[in-house]
Structures are given as C-alpha cells and as structure tokens.
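This report concerns only the one structure given below.
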Amino acid sequence: MSGINYSEKIPNNVDLVNDRTLQRALEHWQPKFLDWWRGMGPTDFQNLDVYLRTAVSVDSEGWAQYGAVKMPDYRWGIFLGDPVADRKIGFGDAMGQPVWQQVPGEYRSILRRLIVTQGDTEPASVEQQRLLGHTCPSLYDLRNLFQINVEEGRHLWAMVYLLHAYFGRDGREEAEELLARHSGDADKPRILTTFNEPISDWLSLFCFTYFTDRDGKYQLKSLAESGFDPLSRTCRFMLTEEAHHMFVGETGIGRVVKRTLEVMKELGTDDPARIRAHGAVDLGLLQKYLNFWCSSSLDLFGSEVSSNSAANFANGLKGRPDETTYDDHVLREKSFELGTPQGTENVPMLNALNEVMRESYLKDCEIGLRRWNRAIERAGFGALALKLPSMRFRRSIGAWAGQSVDPQGNLISNDVYSRELNSWIPSDQDRTFVKSLMQRVVEPGKIAGWVAPPERGINNLPVDYEYVKLH
Ligand SMILES: [Fe+2]
Ligand SMILES: [Fe+2]
C-alpha cells in the first residue's frame, strides 16, 4: 500500500490509475501547477541541479531518497500515510464510531474550508520566499530553502488531491483558486495575514520556519486526528516532511546565535553597534525578529473563544494535537480560565480550544529557546537570554487584538506602546541593516559572516558539498 507508483505522470500511493476520472482531473491541474511553480516559485534557479529529498514510499526506508534534481522535474505527488485498521473517531460527540472514508454531507462545507485554509498556506510560503535564493548565506542553506519550497509545493498537492477526490466540482474550483491567490497581492491575497508578510531576508526565513512552520505542525497534528480518514492520513505524512522545515529554523537561529557569540567574544563586548559594525546580528536585534514572527504566528490559531473550533471538535473534524495524551476527549463538562483585558473569564473548554492549542504550541517553541540560551549562558552573556513574547503582545485577532501590551504581557498606555514598539519589533533601520548583511555566498563550503556553518551536511555529506550545482 505504501509503495509509490513513479511510472505514472502523478506519483501516488492512492491507486490513481484505477480512478480514471480523478486521474484526468488531476492531470488537467498538473500543468497549471507547473505554470504557477515557474511563475511564482524560486526565481532563476529552475535549471540547476539541486540535491533534494524525494519520497518514494511513506515508510521509514522510502520517504527520504536523495539525489540531484532540477526543481521543475521534482516528482510532486500524492502520498497518504498507511491506513490504520478499524480506526475510530478519537474525540468529540461521535467518539468511538468508525472514521469516515467519505465526507459526511452535513460537514461538507466546513471540511472544505479547513482543507482550503491549510492548502492556501503551502503555495503562499513558496511565494513569500521566492527571492531569497539571491542572498543565500551558503549552498547548504540554498539547498535547504529549495527543499522546503518543493515540499510546500507537495503539500499543496496533498490538499488539492483531497479537494478533487472528495469535493466534486466545488473542490476543483477551490483547487484553481489556490493557484490564483498570491501572497501579498492587493486584489487576491492569501487567506491568512502571516502568509502575506514578505520574507525578504534569511533571518526572517529562519524565524518563519521556526515559528510559522511550527504553527503548520500544530494544524497538521490536529487535522491528523480528524474523523475524516483521508485528511488524517494525508496530514500524517505531511508531518514527516514538515519536521525538516522546523529543523532549518531551529538550527538557523542557533547558528546565528553561535556566530554572534563568537563575534562578542572576539571583540570583548556586547555593544550592539560594534557587533553590527562587525557584520553580525546582535542578540537584541534577534530578539526583535523573534517577537515579530512569534506574535504574528500566534494569530494563526484564531480567537481565544471560538464557536467554530468548538463545533469542529464536537463533530470530530479537528482534534487537539496529540489528542491521545489528554484524559477527556469529549469536553462537555470542562471549563477554561481565560485571561482577557477585562479580567479572567470562565468559558466552556470546547470554546477555548484555540487557546489550548496556542499554549501547547508555545511550549514547543520554548524548546529551541532553551537550547540557544544555553549557548548564550555558556558564553557568559546570560543577561541577554532570548525570550518568547507574551501571547497578548501585538495580537490582531481575539480578545487582545489592538490592545497596547508590552512583550511581557502588561497592558500599557497607547502612547508608551507606539513610542516603544520600534524597540520590540524590527524598525526600518533594523531591517535595512539586516538587508545589508544579505550578501550571496555560493562557493562550496563558504559561509556568510553573520551565521555560523552548520554542524553537519545533508544526508551525511560534508558541509562543503556542492548542494546546488551553479555551473
Ligand atoms: Fe507545508
Ligand atoms: Fe512547512
């Protein structure tokens, strides 16, 4: 079941060959996807050999096969995690009933919406990152960027497959729209705000892959719990790919910290101006980037109180990440203490699931910070330890939207907020400085001065391997 048929136009493990109508529909969408990739994917690197990972099966041996591929020739396909025999719905009012292999009529539009919203983020991030190749800090990093890009393209395929296979004509129309909206487009933007923010430098890329791809992980984990089995299986396999994206973020920021600490030691100072003059990112500046991308990603979980997420849970459509680790899977009797600008409110747990998810997401975000901070402490700069901003800081959605809150979570006056904001998130001057660091380095084994080299290469290859063949 898990073997992928590569002899077909669209590699897949869903027996596409025996569903001619679906196969034809997807083969009709395929050239449009490739047009989109050529027009909106990474610029200028399309004819180069890139050392990429491609799945040939979804089991542990086959999902990570490496080789030199030109990106437009990447075998984007449809890969579902193996079915679980007798799988039952694991939460909500229908808990214990068999999972659905078809879309239940009453949940059709809501499931379609969940799939489209997830699907929209995948090509959006490729669009956001399309110019970054020009300023890569090394060939190793360039290759990682392209690996992420092709996999986000495959994640789009994963969602488009569900739309085509289970949602008929509406689904096909939505699949077209996924290629018609574009990140940052004035008329047809992507659905979620964070996916319209430009990612114009590599420090932003590392933060995006750390914070925003981690939101992706949490969304996929909660959809992997779904009673709609094809969605669950699709998301389970996507999660194996997603892990690499967060690896790029965590090691990327870790390497920035490492390089900064080297410069601080060398110069014997923590003076930001001198660190910047030496071509490195001072820790205060990194903190601002963390504040920006963390707060922006927190909005992706939605309002603290949400009747939609309550209904999605009660109906078995979207669970909590790692649902089995909780005791109560129905949540009709539980409540949640929610902090709002007006004080503490007691709300039904079912309505507070976005907040529950946001809290577990932040715990996951802390893991990387602890690692980076250990390095900072070891170097003797413990006072400059990095922190996550409060969940209330700079929110655009929910109870804290538009409130003047500092990164520690205190309500402050509007005046102080607008005066201090530029000391909490990157100012124009900060962004200009970061941009000045973004000089392209493409000699094998060489690395830009603002980031330390990686500890090891890809797939046991040396760090100085020519991961992208430019000649
Ligand atoms: Fe993705
Ligand atoms: Fe991702």
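None of these values were measured; they are calculated from a predicted model. Along the sequence shown, residues are numbered consecutively beginning with 1. Remember, it's 1-based here, ligands and their atoms both numbered in the order they're listed.
- Note that R154 lies outside the cation-pi zone of F79, set by a 6.0 Å cut-off to the ring centre and a 45° limit from the axis.
- Under 2.8 Å from the Fe ion (ligand 1) lies an N/O/S atom of E152, whether from backbone or side chain.
- Within E242, the N/O/S atom positioned nearest the Fe ion (ligand 2) carries the name OE2.
- A donor atom on one side chain and an acceptor atom on the other are not found under 3.5 Å apart for D215 and S297.
- Restricting H245 to its N/O/S atoms, the shortest distance to the Fe ion (ligand 2) is reached by ND1.
- Residues R395 and E304 are paired through a salt bridge, judged by an N-O separation under 4.0 Å between the basic side chain and the carboxylate.
- Of the residues E176, R112, E177, the one that meets the side-chain contact (heavy atoms from CB on, under 4.5 Å) test with L163 is R112.
- Rounding to 10°, one obtains 100° for the angle at the Fe ion (ligand 1) between OE1 (E122) and ND1 (H155).
- Put simply, D213 stays out of reach of the Fe ion (ligand 1), with no N, O or S atom under 2.8 Å from it.
- Taking the six-membered ring where tryptophan is involved, the planes of Y218 and Y361 are perpendicular, since the angle between them exceeds 60° and thus also 30°.
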